[in-house]
Amino acid sequence: MAARNFLVRSPKEEESSAAVREAVLLGGKNAAIAGTVVAVPTLVACRVLPWAKHNLNYTAQALIISAVCIAGFFITADKTILRNARQNTIGRIDKST
């Protein structure tokens with residue numbers, strides 16, 4: 001018996017995959033920017049400030065930087081996807097199709 005594909009395709013499949021691709025690209029760019037902006041003061045503080053020297057080991061520094069990168073990626077990607085979804089609301093769909 002042949003396998004059947006029960007997925008329901010979106011009428012604008014190409015547009016949705018382009019929107020996801022755009023969200024991933026923008027999220028990656030903002031994650032790199034946010035990571036750079038946070039990495040410099042974090043690493044400098046761990047070399048200069050006595051409290052940071054004693055309390056922030058390499059793992060803590062990596063967690064701080066990666067948390068900001070992850071947050072920057074997901075916030076930007078979410079905003080981009082929501083912006084694209086807002087543009088594709090019911091009011092903008094062509095009534096003739």
Side-chain angles (χ1 to χ4, degrees):
M1 183 173 223
R4 293 183 183 172
N5 190 359
F6 291 107
L7 294 176
V8 177
R9 299 285 180 193
S10 171
K12 297 185 176 185
E13 185 79 26
E14 295 81 24
E15 290 179 15
S16 64
S17 64
V20 171
R21 192 174 306 113
E22 177 189 3
V24 169
L25 284 173
L26 288 176
K29 288 178 185 177
N30 282 342
I33 292 169
T36 304
V37 168
V38 169
V40 173
T42 302
L43 296 175
V44 169
C46 289
R47 292 347 179 238
V48 175
L49 300 175
W51 180 88
K53 276 184 185 179
H54 295 291
N55 293 316
L56 297 178
N57 60 10
Y58 295 118
T59 304
Q61 296 169 32
L63 285 173
I64 291 168
I65 295 167
S66 64
V68 171
C69 290
I70 291 168
F73 176 83
F74 281 111
I75 290 170
T76 305
D78 187 45
K79 284 186 176 185
T80 304
I81 289 172
L82 288 175
R83 184 192 63 208
N84 288 336
R86 209 174 295 122
Q87 291 173 356
N88 294 329
T89 55
I90 300 295
R92 291 190 153 206
I93 294 177
D94 187 15
K95 301 294 183 187
S96 63
T97 57

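Numbering starts at 1 and runs along the sequence shown. Just so it is clear, the model here is predicted, and its values are computed rather than measured.
- In this structure, SG in C46 is found 8.5 Å from CH2 in W51, a value given to the nearest 0.5 Å.
- Test T36, L63, V38, T42 against V68 for side-chain contact (heavy atoms from CB on, under 4.5 Å) and you get one pass: V38.
- Nearest approach of G28 to F73, heavy atoms of both residues: N-CD1, 3.5 Å.
- Taken to the nearest 0.5 Å, the CD1 atom of I64 stands 11.0 Å off from the OG1 atom of T59.
- Rounding to the nearest 0.5 Å places CG of N30 at 11.0 Å from SG of C69.
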Just distance, no hydrogens or angles: give the donor-acceptor pairs under 3.5 Å from side chains in residues 78-85, sequence neighbours left out.
from: T80; atom 1: OG1; to: T76; atom 2: O; distance (Å): 2.8
from: R83; atom 1: NH2; to: E22; atom 2: OE2; distance (Å): 2.8
from: N84; atom 1: ND2; to: E22; atom 2: OE1; distance (Å): 3.4
from: N84; atom 1: ND2; to: T80; atom 2: O; distance (Å): 3.4

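- With side-chain heavy atoms closer than 4.5 Å counting as contact, directly or through intermediates, the hydrophobic cluster containing V37 also holds I33.
- Between the side chain of Q61 and the backbone N or O of L56, at least one donor-acceptor pair lies under 3.5 Å.
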